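Some notes on the structure that comes next.
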Number of protein chains: 2
Amino acid sequence: MIRRVRLSDVAALAETSTKTASRVINGHTKVGSDTRERVEKAVRELGYRPDPLARSLRRGTDDTIGVVVDEVSDPFFASVIGEIERMALDRAMTVIIASTQRLVDREHIVIDGLLQRRVAGLIIASVSHDHAHLKTAPCPVVFIDRVAVNLDSDAVLVDDRAGARLGVDHLISHGHKRIAYLGDYLGIDTARSRLDGYRESLELAGIPMRDDYVIGMDPSLADSGPIVEALLATPEPPTAIFSANTRCSLRVLTTLHRLGRTDIAFVSFGDFAMADALTPPITVVDHSPEFIGRLAADRLLRRMAGDEMPTQTITTPLHLVPRGSGELAP
Amino acid sequence: MIRRVRLSDVAALAETSTKTASRVINGHTKVGSDTRERVEKAVRELGYRPDPLARSLRRGTDDTIGVVVDEVSDPFFASVIGEIERMALDRAMTVIIASTQRLVDREHIVIDGLLQRRVAGLIIASVSHDHAHLKTAPCPVVFIDRVAVNLDSDAVLVDDRAGARLGVDHLISHGHKRIAYLGDYLGIDTARSRLDGYRESLELAGIPMRDDYVIGMDPSLADSGPIVEALLATPEPPTAIFSANTRCSLRVLTTLHRLGRTDIAFVSFGDFAMADALTPPITVVDHSPEFIGRLAADRLLRRMAGDEMPTQTITTPLHLVPRGSGELAP
DNA sequence: ATTCCCTTGGTAATCGATGTCACAAACTGA
DNA sequence: TCAGTTTGTGACATCGATTACCAAGGGAAT
């Protein structure tokens, strides 16, 4: 392990040049079979493995996939990453992750850093609003969860608007008219699209939209308690809550349970562990992070292999999982 | 972004040699102040940033921390990684993660791969039983969650035995005598130590240990239902369950709720989202993954900075969080 | 004034693998 | 037999930053 075996060592043992040894290792055809065997034997004997750094430097590209997400510990992204990593490892590629903490500046820094490292491909859940600078990226890029702006690129998305509609329509069909929307702060497209879906559902049902029912919470806020309490203490409190993402659901549900307000109908955009063990079990609009990860990685790997297909925006399927909380009457 | 600026470009613009430019960039002192300024100006004007690959190749070490865990999507590890990454990014270091899927062979492969990449440090949650081969590792190594075997190394651990004792004693003090132990398969030290704690608690309370109350489940098993059902269907079913880790708790609780058996007392080793929103809320023995991540990263960074302190095994604090499920009477 | 030291900067080697190009040998076809 | 091709091989340059080594110039000390 410690002693580094170089290509030249292999070449010396095989009594040939480094170039030819390199040819054998990289599977070039034009090598005499006896020479090839000598080199292969030397490789085995010395336990030689090419230095990935030197190779990358020379080749100009690293066998590495860069993944940029909000935060690794977000369960959604953790699953996405897990799946990407699994696919990468099958191909002996490395995964470098970098999180943005939802900061646009930080996103630029980490993407730049990854490109500096000559990653062979990028998978990005972006929080910025302009990706024109990636037009010249020296590697394929696949966006996940959030669209690319000013850039023609592959993307694997969730149909945010449709998902929100699915959830809100469900609540409406169970007789709710006073439905609150709780989500992260609304600076992100994903959040805006979900809000659009919510708005659309209400509109189609002829329910007037009320601003005081729409709450965007700072995701770094530890305790959503006061906000939820205030919402429920209004003269006309909502009878149902649509939560626009998992992280938000976890926090709001904690509060609702603490307050003993499990009579409020609830639908979560995004499933989570224990959702079906709560009382009542939580109705969710489900999308599979693993599936998104797999699709994104697949797309990226194909591009990295040179596939010149037209860019595509893939929308992953969504479905409502009724479990109880979304079927409560007002 | 695409145009690569080299050190020689900087040197040319600053009208000096690459050597001197390099000195300025790496903060050497022996450079004339006017020269230094010219170089700095050139760096700014060209937007130069050293190529990390070339630098690593030359230096023999990469500004990268390698993290090896069972699986990224495991909430415990996701949090640990998140914290490590945060600390690394503050120091402009990169994090490469690799997961073992709990396979010893795979662990060897990924660790080897990381060392090949000349990572500056390693943080490992190991599943293997011998780490002698890391004695010669060219970089500092910190173990997390699981001890190093045959290797004197830093480690940041949870006191598994004490944690299990805490949980099981708690159940015993609430009158339980028939306490089941559910955990992952027992091939891992962590799991064994927890089982030891369980055994010890029973012993001290004069409760005979029953093999049919100890169940090690394959973590890849999707549905723990049949196992739990069988356990509860025995002639003398347990009145309490101690679950040895979070992943296990999530699965078992799902089953218990489905069966409507929330009368069974339950203590989980490891907290999780929604634990306090379940009915009854789940009593847990809590340990902070973030804390573990921070301690491990801190330790590693100090070693990387050349600190030659003696190796240390740090045990993170544990505490019982009584919430209801652990206080149920038999 | 001369020697010595110290600062400063240049040249070239190095890290390890690979692309370019040239060249020899072997082989083809006429 | 000879031009022309194919095949196999190696010397050398290259990727970009760092560094060992050397040299020159300025200032201080004798």
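To find a chain, count down the sequence lines: A is the first, B the second, and so on, and within it residues start at 1. Since the structure is predicted, the reported quantities are computational estimates derived from the model, not experimental observations.
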Would you say the side chains of Asp154(B) and Thr311(B) form a donor-acceptor pair under 3.5 Å? no
Rounded distance (Å) that lies between atom P of dT9(D) and atom CG of Asn26(A): 16 Å
Classify Arg23(A) by what it touches in the nucleic acid, base, sugar-phosphate, or nothing, heavy-atom distance under 4.0 Å. base
Just by distance, no angles: are the side chains of His131(B) and Ser126(B) close enough, under 3.5 Å, to form a donor-acceptor pair? yes
Can you tell me which nucleotide in dT19(D), dG9(C), dA17(C) comes closest to the side chain of Ser17(B)? dG9(C)
Between the base of dT18(C) and the side chain of Arg55(A), is there any donor-acceptor pair under 3.5 Å? no
Base, sugar-phosphate or nothing for Thr16(A)? Non-hydrogen atoms, less than 4.0 Å. sugar-phosphate
Mind calculating the distance between NE2 (His28(A)) and P (dG10(D)) to the nearest angstrom? 15 Å
Classify the nucleic acid contact of Arg36(A) as base, sugar-phosphate or nothing, counting any heavy atom under 4.0 Å across all strands shown. nothing
Does Thr35(A) put a side-chain nitrogen or oxygen below 4.0 Å from OP1 or OP2 of dG8(D)? no
Distance-only polar pair, side chains of Ser99(A) and Glu71(A), donor-acceptor under 3.5 Å: no
Could you check whether the side chain of Arg58(B) and the base of dT14(C) have a donor-acceptor pair of N or O atoms closer than 3.5 Å, going by distance alone? yes
Atom CG of Leu57(A) and atom P of dT14(D): how far apart are they, to the nearest Å? 14 Å
Rounded to whole Å, CD of Glu37(A) lies from C1' of dG8(D) at a distance of 16 Å
What integer distance in Å separates Asp9(B):CG from dC15(D):C1'? 13 Å
Leu53(A) CG to dG16(D) C1', straight-line distance once rounded to whole Å: 12 Å
On DNA chain C, more 5' by nearest nucleotide between Arg38(B) and Thr18(A) is Arg38(B)
Please determine whether a side-chain nitrogen or oxygen atom of Ser22(A) lies at a distance below 4.0 Å from atom OP1 or OP2 of dA17(C). no
On a heavy-atom basis, the closest approach of Leu157(B) and Thr313(B) is CD1-CG2, 3.5 Å
dG16(C) OP1/OP2 closer than 4.0 Å to side-chain N/O of Tyr48(A): no
Side-chain heavy-atom pair Thr35(A), Glu15(A) within 4.5 angstrom cut-off: no
For Leu7(A) and dC15(C), give me the distance from atom CG to atom C1', rounded to whole Å. 13 Å
What is the distance, to the nearest angstrom, from the NZ atom on Lys19(B) to the P atom on dT7(C)? 15 Å
When we call it a touch if two heavy atoms are under 4.0 Å apart, what does Ser56(A) touch: a base, just sugar-phosphate, or nothing? nothing
